[in-house]
Amino acid sequence: MAKVSFHHNDGNVDVLEVDPGTSLMRAAVTNGVAGIVGECGGQAMCATCHVYVRPEYLDGLPEISEDEEEMLECTADPRDEDRSRLGCQIKAGEGFDEIEVDVPASQI
Amino acid sequence: MTAEAIAARPVPTADWVTIEDLYRNPFPIYRKMRSEAPVHWVPAVNRYMVTSYEACHTVENDQEIFSADETNSLMKRAMGHSMLRKDDPEHDVDRKSYGSVLRPKAIKEHWNAIFQANHEKYLAGLKAAGPGADLIWEYAAPYAAENLRLVMGFHNATQEDMQRWSQTMINGTGNYADDPDVWAASEKSYNEVDDAIDEILPYLRKNPDSSLLSGMTSMPIPLEAIRANMKMTIGGGLNEPRDVLGVAVWALLSHPDQLAQVLADPALYPTVFEESVRWVAPIGMYPRETTRDTVLEGVQLPKGARLGVVVGAANRDPEVFEDPESFNINRPKKPHLAFGGGNHYCAGAWVAKASVSGIALPQLFAELPNLRLDPERPAVDAGWVFRGMTALPVRWDAK
Ligand code: HEM
Ligand code: FES
């Protein structure tokens with residue numbers, strides 16, 4: 001299990017225990033975490049699963065693929081060159097046991 | 001039976017629903033159904049219709065219980081077994097064969113210039129037809145068809161072929177009455193599309209371009225899957241951009257305040273697009289089938305239940321959208337379900353947005369001064385499985 005914390009703008013935090021292989025998007029959607037939409041089900045097609053990874057957790061995350069790179073240019077809230085990722089492309093157990101992300105104000 | 005199933009209520013029947021009423025205006029029917037239960041058995045449609053946002057969303061995101069691979073699917077008969085009727089992992093193989101053709105980078109690099117040229121061509125046609133012309137049939141339909149023809153790589157067909165193929169095969173997918181004439185027209189198109197694919201693939205192998213079919217030549221994908229996916233994309237990629245374009249123009253022309261706001265701020269066209277597909281989802285309903293007994297939002301469903309996922313109703317669910325029956329570009333932004341969701345999320349969503357709200361809408365309103373509805377001939381909106389404008393006569397002033 002990996003520990004995933006979603007920080008919201010109002011200060012609330014959702015903390016989830018997530019099975020290995022499960023993406024942040026899937027974990028958020030199944031547990032009703034507000035602010036993560038995930039329209040395309042994780043195909044890097046919709047950019048509605050945008051998250052800002054907190055700097056201390058960036059090391060070790062998988063590289064940004066071409067598809068993810070393209071979608072990060074289509075996010076509703078501005079991209080942060082270092083911290084922006086798609087929640088559907090980051091999976092528990094792949095580069096982290098614990099991660100904290102900030103949820104953007106808007107996904108659409 | 002699980003404890004959950006015992007607590008669940010049986011599915012109510014909506015025997016008062018008729019196809020004729022749905023076709024004319026489904027929204028009052030959806031409103032009544034949604035207020036009673038999230039799912040009904042509807043004898044006239046021979047399906048369980050899922051009308052609440054929450055229930056539609058659940059179905060879209062659970063392909064293990066709600067399979068896209070429907071038994072006795074008319075779509076499979078009319079178009080072959082495409083990705084739209086497969087579950088993962090089989091679906092994923094087909095979907096990956098579309099590569100990056102329909103994604104934002106390719107749109108920016110290749111397709112926008114082509115959409116622009118097509119817009120100019122069919123706008124000239126509309127102007128030549130003169131005030132009183134029908135915006136759907138003089139402009140939106142050929143524009144959408146020609147865009148799709150080039151994105152797909154059918155260099156050996158015309159936009160008129162695309163429109164005929166699309167409509168006849170769509171009629172096949174909806175041929176519940178088993179009308180032999182409908183099947184004959186649908187099969188003729190089926191064969192014509194196969195022949196066109198057979199003819200064009202060798203050409204594209206020698207003269208590659210950015211199209212879907214060109215991409216297919218280097219993909220490890222069986223010809224049978226290519227044929228089915230192309231037919232499904234002809235059926236699913238033409239009427240929808242045409243219809244959102246028509247509905248968006250009609251909505252703006254019938255809401256002068258919002259039109260004035262958009263004319264003053266063209267950055268709002270993407271918002272107009274999103275609100276138009278929310279308000280009138282071009283694909284109002286699509287099918288799924290349960291793989292086991294289950295409970296959906298508190299309602300019992302048996303294994304093998306044929307569902308209609310009514311995103312046209314979900315998009316007007318008052319639990320999610322305030323004053324949902326109104327067209328309002330200023331409503332708080334919420335995700336609608338018009339492009340579906342989960343693994344079958346529309347592959348052409350970016351193409352539709354680029355061609356309709358990036359190019360067509362802003363330029364139509366800029367190029368046709370004082371664009372307005374024709375006071376003499378009414379606009380007509382119709383349909384429920386697919387819904388859009390069947391007539392949109394417009395007038396404008398000379399420049
Ligand atoms: C406003 C315009 C459009 C709307 C509202 C729309 C809507 C949809 C919906 C609701 C689905 C999912 C159906 C289901 O899950 O059963 C879908 C799938 C699909 N659409 Fe669109 N569509 C539009 C435009 C387009 C265009 C322009 C293309 C092609 C260039 C296209 C290609 C596809 C394909 C290939 C799929 C199948 C995806 C899959 O099974 O993984 N669509 N569309
Ligand atoms: S869920 Fe669509 S891009 Fe991540």
Side-chain angles (χ1 to χ4, degrees), chain A residues 6 8-10 16 18-19 21-51 63-79 81 84-89 91-92 103-108, chain B residues 53-54 56-64 66 68 83 87-88 91-96 98-109 270-271 273-275 277-278 311 314 320-321 331-354 358:
Chain A
F6 294 91
H8 299 281
N9 282 338
D10 60 4
L16 305 177
V18 178
D19 286 329
T22 304
S23 73
L24 298 195
M25 180 280 289
R26 183 61 58 198
V29 169
T30 10
N31 290 283
V33 173
I36 306 285
V37 181
E39 277 178 347
C40 77
Q43 310 186 70
M45 229 345 246
C46 69
T48 66
C49 61
H50 181 204
V51 295
E63 295 265 307
I64 297 178
S65 70
E66 245 178 76
D67 284 355
E68 181 175 357
E69 172 60 37
E70 185 184 19
M71 270 312 115
L72 287 171
E73 292 299 314
C74 303
T75 53
D77 269 19
R79 174 179 188 177
E81 277 311 318
S84 279
R85 293 297 303 255
L86 294 182
C88 66
Q89 303 299 305
K91 298 192 170 120
V103 177
S106 169
Q107 297 282 9
I108 55 168
Chain B
Y53 185 99
E54 210 38 55
C56 288
H57 191 246
T58 302
V59 170
E60 288 180 342
N61 282 288
D62 191 342
Q63 53 176 325
E64 277 174 22
F66 304 102
M83 66 172 96
D87 299 319
D88 290 328
H91 160 266
D92 194 49
V93 177
D94 283 19
R95 176 90 183 216
K96 287 217 165 76
Y98 276 35
S100 17
V101 176
L102 306 176
R103 299 177 58 97
K105 188 151 160 275
I107 292 170
K108 219 183 277 165
E109 287 174 1
T271 309
F273 179 102
E274 298 299 331
E275 175 61 356
V277 289
R278 180 204 69 82
V311 290
V320 178
F321 302 99
R331 66 174 58 256
K333 288 194 173 182
K334 296 266 181 68
H336 60 70
L337 304 182
F339 285 117
N343 62 331
H344 293 283
Y345 177 77
C346 177
W350 294 101
V351 165
K353 292 180 202 197

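Each chain gets a letter, A, B and so on, in the order its sequence line appears, and its residues count up from 1. Computed over heavy atoms, backbone and side chain alike; hydrogens, waters and symmetry mates excluded.
With sequence neighbours left out, B:V59 forms a side chain to side chain contact (heavy atoms under 4.5 Å, CB included) with B:F66, B:R288, B:L296, B:L307, B:V309.
The shortest distance between side-chain heavy atoms of A:M71 and B:P104 falls below 4.5 Å.
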Could you list each N or O donor-acceptor pair linking chain A to chain B at a distance under 3.5 Å?
| unit_1 | atom_1 | unit_2 | atom_2 | d |
| --- | --- | --- | --- | --- |
| A:E39 | O | B:G342 | N | 2.8 |
| A:E39 | OE1 | B:Y345 | OH | 3.4 |
| A:Q43 | OE1 | B:R95 | NE | 3.3 |
| A:Q43 | NE2 | B:N343 | O | 2.8 |
| A:A44 | O | B:R103 | NH1 | 2.8 |
| A:A44 | O | B:R103 | NH2 | 2.8 |
| A:M45 | O | B:W350 | NE1 | 2.6 |
| A:D67 | O | B:R103 | NH2 | 3.1 |
| A:E70 | OE1 | B:R103 | NE | 2.6 |
| A:E70 | OE1 | B:R103 | NH2 | 3.1 |
| A:E70 | OE2 | B:K105 | N | 2.6 |

